[in-house]
Structure formats: C-alpha cells, structure tokens
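Worksheet: the structure to be examined is printed underneath.
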Protein chains: 2
Amino acid sequence: MVVRLSDVAARAGVSVKTVSNVANGYLHVKPETRERVQAAIDDLNYRPNLSARSLRQGRSGVIALAVPALDMPYFAELTRAVVEAAAERGWTVLVDQTDGLRERELEVASGLRGHLIDGLILSPVGLEVDELERSKEDTPLVLLGEKIAGGPVDHVAVDNVEAARLATDHLLGLGRKRVAAIGYQARADAASGVAPLRRRGYERSLAAAGITVDAELTPQVAGYRRVDGAHAMETLLALPEPPDAVFCFSDLLALGALRVLAERGLRVPEDVALIGFDDIEDGRYSTPSLSTVAPAKDEIARHAVDMLHDRIAGRDAVPARDVRVGFEIVPRESTLGRGQTGPSGP
Amino acid sequence: MVVRLSDVAARAGVSVKTVSNVANGYLHVKPETRERVQAAIDDLNYRPNLSARSLRQGRSGVIALAVPALDMPYFAELTRAVVEAAAERGWTVLVDQTDGLRERELEVASGLRGHLIDGLILSPVGLEVDELERSKEDTPLVLLGEKIAGGPVDHVAVDNVEAARLATDHLLGLGRKRVAAIGYQARADAASGVAPLRRRGYERSLAAAGITVDAELTPQVAGYRRVDGAHAMETLLALPEPPDAVFCFSDLLALGALRVLAERGLRVPEDVALIGFDDIEDGRYSTPSLSTVAPAKDEIARHAVDMLHDRIAGRDAVPARDVRVGFEIVPRESTLGRGQTGPSGP
DNA sequence: ACCTGGATTTACATCGTTGTAAAGACCGAG
DNA sequence: CTCGGTCTTTACAACGATGTAAATCCAGGT
C-alpha cells in the first residue's frame, strides 16, 4: 500500500505539515510530538514521494552521468568513482550509455530526462561545442575528457599531451628506436577528442629525441577496444621493419596488441615494449602486466561532482572552469620486464 | 529558461490541455491546431517535466538496476544488456552499486528512491529471502542470479549447477586427474549464493567420474575478483601435489589465477588447464584466451525486463516465476591449447 | 489577569502534467 | 431549421510534498 504524508498525519493526529516537518528535521517541533510522529512514520513505513518533492522543490537529487560505454573498464571504473563522490553529496546517479553517438549525447545533454535530473556529467565523443550552447541553459553541465576543452562549459581532464609525451619518453628511455603509436583516428568527429592530443604528445616526444614520425608506425584505429588494438598490432607486425615499442592510447588497445604479440610468439618487452593509457584493473593482471598512464580517476570524479554542485547551487556567474587532474606513469612488466614489479592489488 | 505547458499554450493560443494532447499524440486534434502547437513546442524547446508527469501518473518510466559492482566486467556487460532491453520499452535505467552489502541492497529494495522508480532489478549478494518480504509490496521486483531462488519473487538465472558440472566435465574430458575449484566461500551469507551451486555442480561431476573431492583442491576465496583468484592459485601451487586443472567460479578469478601461473612459469593448458565462468570480454583477449561458461546475458536482461514489465502492468496475481536462461561451454586456449581457437571479436 | 514574543502547529496555495467530464463546434439527416 | 452524434477543445481537480504566512500555545514579565 502507498503511504502518504496524510496517512501518517491521520495516524499521529497532527497536520500534514507537521509530519513533513518531522520528516525533514525541522527544528521547532515539540519533542513529544516529534516522537509520536516518528513512531507513525516507522509504523507505516512511510517513504517520501520523490516525484512530488522534486516537483515542489525543483530539485530531484539525481544527477546523470553519460559515458560512451559501461562495458569499457575505464568508464566502468570512472562511473564507480562518480557514484561514490555523488553519494557524499546525497546525490543519486543515473547512468546513461551514449555509445559515442552524437545524437544520443545531444539527447542526454538537452534534457531527455526532462527536469528529472539536477545536472549532468558528460563524457562526450561525438558532440561538438556549438551543439551544446542550447542545452547548457537547461541543465548544469560538466564535461569529462578533452573532447571539448576550453569551451563555454566546465570541464575536467588530464593533460593528455603531457601524459602522452611522458609515456613515449618512457619507451625511448628504454633505448627503443622504432616506437609506434596505436590510437590515431581519421574520423572527422574525432578532431577534438583525445586522439589528437595524445598524438601530439607522442610526436612531441619523438621530436625531442630527434626522431621523425613514421606514418607506417601510426596505424589508424576504428575504436579504442581490444579488437582495434589487435588489428593495429597485426598491421604493425606486417611491416618489413616492425616496431620495438608501442604506445597505445588506451589500455584496451594495449591488451588487444598484447594478445597478438603473444600469438606470434613475440616477447614483451624484450622484442616489443608496450605501454597503455587508463590504468584499468585488467592491465595489472595481464601477462606481462601492463605499463600505463594512470589518470587520477578519483580526482576526476570528485572535481566533476564538485563543479556540478557549484553550478547547481547557482553560481552561474562564474565563468566556465577548466580543471586539470594529475596522472602518473606506472611502469610494469610490459616495459620493465619480469620480476621488476608484481601486480598491485585492485 | 524553464518552459512549461502553459508557456507553449500561451504562444499557440490554445489551452494547456490541448498542448498536452499534442505532446502526447492524442488522436482527436485538428491537424491545423496540431501543427501550430507543435511549432510552438519546437520554438520554445519544450520538455515535459518528468517529476510532474510521474506524480500525476504514478509512473516515472525509470527502473533501477542494482548490482554489486559496476567495475566487475560481468556486471558491466549485464548492465549494458539491461539498459538496452529497457530502452526498447522506453524505460530509463538508474544504476545502483550495492558493493554486495546487505544494508545497501535492502535500502535499494525498500524504495530508497521513494516512488521515483517503477521497478527494480536486483542482483543480491547479501540479502536473505525474508528480508525482501516487506519491500516487495512497494516496488515490483525481479531478482538476478541464484542468491534467492524459488522465493516469493520473480527470478532469472542460469542453471548454475548444470553449468558448473559441464565445465568440470570439460576439464575431466581432457584427461585431467586433479581438478581444483576456486570459488568456495565460507561466509555465512553466501550460503545461498552462486558459490554453493557451482560447488555442487563441480562435486557432482567429480562424483560421476568416481573422484572424491579433495578439500585441499578447493581453497576459500573472499571475493570473486582477480586478486582473490591470484591468492587461491598461490595456495594451490603451494600444495605438495598441485592440480593439473582448475575450474574458477568466475572469469576474474581465472584471470587472477592465470596471472600467477604465468609468473611461476607454468604453462596453460599443458601444466594446468583453466576454465572460468561469465564469458567476459577480457577472457577472449588474455593469453592464453580463457575457456569459460557463457551465460546468455542478453536473455537474462530481456527476461528480467519483460518480467518487470508484467509486474508493473499489474499482473500481481501471477505467482512468482523462475526463469532459467541458456548457457554455453566455450572452450578456448586455456583448455584446448594454442592454435585451436583464435580470439573471437568483442 | 493581561500582554509580549518566541515556539509550535496549521491552512492554503503551489509545483507541472494529465484524467475526467463537460462544453463547444460541426456535420448530415430528417 | 432542428436534432443527434462525432470531433475538438477546455475547465477543473487531482497527484504528494513543502514554503508561506497566519493561527495557536505558552512561559515570563507587568
């Protein structure tokens, strides 16, 4: 049976508003009354109707998080972090999968959930800056990742260029000469995603080492999953002179590449050293374990939630902020070799 | 700016209800009027307020899915399937992480989200049957997995006993004599989870082969993640006579075990054959690729959503249903050896 | 006993949408 | 030209909770 405030009120012999006051911890309620009302609430197992509350208050206590895919570990791990950070503010998170489709991202951003959500954290893949202009007015918005940096919207990301540069430096530091990169993308709408930034870092590192970028060593990928990494690695191994190190723009790409290397009987890192990006748990348990760039996911989540909180609190006057979070190069067996490191716990 | 029905109505010169009718595709609206109203809706970029609609209709169009952890690939993949199945019904999914905590599961089940959700799909870990009695009255509920089978609630799962039996048969079929199992749990509240069922299947298979269960070969685990599998494998390898095959109750356990085997320089499957459970994508790209039991996740999701739909439609009279979905033994390199199979795409 | 000001409690309107029922418009038949 | 019936449109009352402002209570000071 559905229990309303009025049911509780009837049982406790007080007005509806008094029950509401008790339920919300309003101060000026006589202890004796409070007790009686609370008993009624407990007896009837009253739960406030959030739709009604939300309608009245204009706030639902729900925020949305839209990511390209939940079954990509990086986003799954990020989601966990966001859910936890949001919980600290008493928020519930509605998770949406966009599959990287512009259309779906736009739907989400323009309030598909119509006032059901108080704010949105979006990890855009296909969306362009200008398409966001309109929706921004509706729902407080925070962007994750580098897709739309420096735009008119709050934004959190790692310094991808610098991270990619250091990752490549790490490979060069091992003495490798032919360092490939897996993650270049041709898709027009990837023009402002992470790909070009990590690419820039990679090329910058090579340049600093006096190496010219070899187009053969930068195969295109269709996505950032294992299968894409596997294909790219096959392409690289088909070269007359294959690489002796590879920087993969995601850990999944690296794991796909690793799989192909193992199939071909090539040793990692002796024949080919490998470093990824994201620090997903999988990489700690692969054989060999995967060196990687570890973005501070918790920091990303916390900042995103905090910024959203500020926006919702109405500090609209504040101009859009751009937050950079830390990252760390984590060398493991795929670059250092066996016995240098064990797996670190999850 | 917030746009309400009344704003649209004013602009189109009609009543609020007519706008509502147009927005909801009500039939008897003069084409001319419909057109004018639609134009106003588009101009003002009107979005219905779901809180209000939900309050009025008693339905929100949102269902919740509560899983133990989003960053465990099995649940991430299952979540994707549920989100897709729900979308076909026009439902949005609110994803909750319970971390396997009884308390959190109870909160979710007893309508923490207070009337915000129309139904709940719960994958329980800690909760007991009787604790659900009360909450059942509030929100339509469907359970996933075997934690609380045969109870008073709708329920979807694979036949874990049979699946485990066949997985073990597969190892025995390779001629292995010392087949270990990783996944036994001592926790009292795991008494009715998947562990005992898979355990029963394992023991049944051994019995049929005339082998007595060796307690040494069934180490306890604290959880079903990689780290737990790694620890258990270490325990097994410390035995005077280690196993020549291992059935892991989850793919993550198997991947943790695989990692340890590789560290010790043991060959899989030559020295130790390995089979997991869940068919997560990771297992297709590990080296060697992981043989596994593949539950029909899409079927699980579809059935769960369908059953929830029936409950929400009010067929309360129907007694609780118990649906078994299919599964498949997928042999890969970790039991068949190299070259027998390639990785199958994601 | 009466007044004052703060503590408590209450009535009422309101959030935006939609079901209900009734009013208004319009058509062809008689 | 009126009547009955269909098609359109509308007014109004909910849904459940809470902000507002007013009503009621009460203790302490005159």
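Every chain is numbered from 1, with letters handed out A, B, ... down the list of sequences.
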- request: Using atom CG of B:Leu55 as one end and atom C1' of C:dT17 as the other, report the distance to the nearest whole Å.
  value: 9 Å
field: Phosphate OP1/OP2 of C:dT18: any B:Arg53 side-chain N/O under 4.0 Å
entry: yes
message: Rounded to whole Å, please give me the gap between CG in B:Leu27 and P in D:dC7.
response: 10 Å
message: Donor-acceptor check, side chain of B:Glu105 to backbone of B:Val125, threshold 3.5 angstrom: yes or no?
response: yes
- prompt: In whole angstrom, what separates B:Leu5's CG from C:dT18's P?
  reply: 6 Å
query: Can a donor-acceptor pair under 3.5 Å be found between the side-chain atoms of A:Arg56 and the base atoms of D:dT18?
result: yes
message: Can you see if the side chain of A:Tyr26 gets near the phosphate of D:dA17 - specifically, an N or O under 4.0 Å from OP1 or OP2?
response: no
task: For B:Tyr46 and C:dG16, give me the distance from atom OH to atom C1', rounded to whole Å.
output: 7 Å
message: With a 4.0 Å limit, can you tell me whether A:Asn21 has a side-chain N or O closer than that to the phosphate oxygens OP1/OP2 of C:dT8?
response: no
query: When the distance from CG of B:Asn24 to P of C:dT17 is rounded to whole Å, what number comes out?
result: 10 Å
- line: Judged by nearest nucleotide, the residue sitting upstream toward the 5' end of DNA chain D, A:Gln57 or B:Gln57, is B:Gln57
Rounded interatomic separation in angstrom, taking CZ from A:Arg36 and C1' from C:dT9: 11 Å
query: Between A:Ser60 and A:Ser54, is there a donor-acceptor pair closer than 3.5 Å when you use the side chain of the first and the backbone of the second?
result: no
query: Would you say the side-chain atoms of B:Arg36 pair up with the backbone N or O of B:Ala12, donor to acceptor, closer than 3.5 Å?
result: yes
field: A:Thr18 side chain near C:dT10 phosphate (N/O to OP1/OP2, under 4.0 Å)
entry: yes
query: Given side chains that start at C-beta, do those of B:Arg80 and A:Asp99 come closer than 4.5 Å, heavy atoms only?
result: yes
message: Less than 4.0 angstrom from a charged side-chain N to a carboxylate O is my criterion; do A:Arg311 and A:Asp118 meet it?
response: no
- request: Look at all strands and tell whether B:Lys17 reaches a base, only sugar-phosphate, or nothing, counting heavy atoms closer than 4.0 Å.
  value: base
task: Grab the CG-C1' distance between A:Asn49 and D:dA17 for me, whole Å please.
output: 8 Å
- prompt: NA contact type, A:Thr33, heavy-atom cut-off 4.0 Å: base, sugar-phosphate, or nothing?
  reply: sugar-phosphate
message: Regarding B:Val14, tell me which of base, sugar-phosphate or nothing describes its non-hydrogen contacts under 4.0 Å with the strands shown.
response: sugar-phosphate
B:His28 NE2 - D:dG5 P separation (whole Å): 17 Å
- request: State whether A:Ser20 places a side-chain N or O below 4.0 Å from either non-bridging phosphate oxygen (OP1 or OP2) of D:dT18.
  value: yes
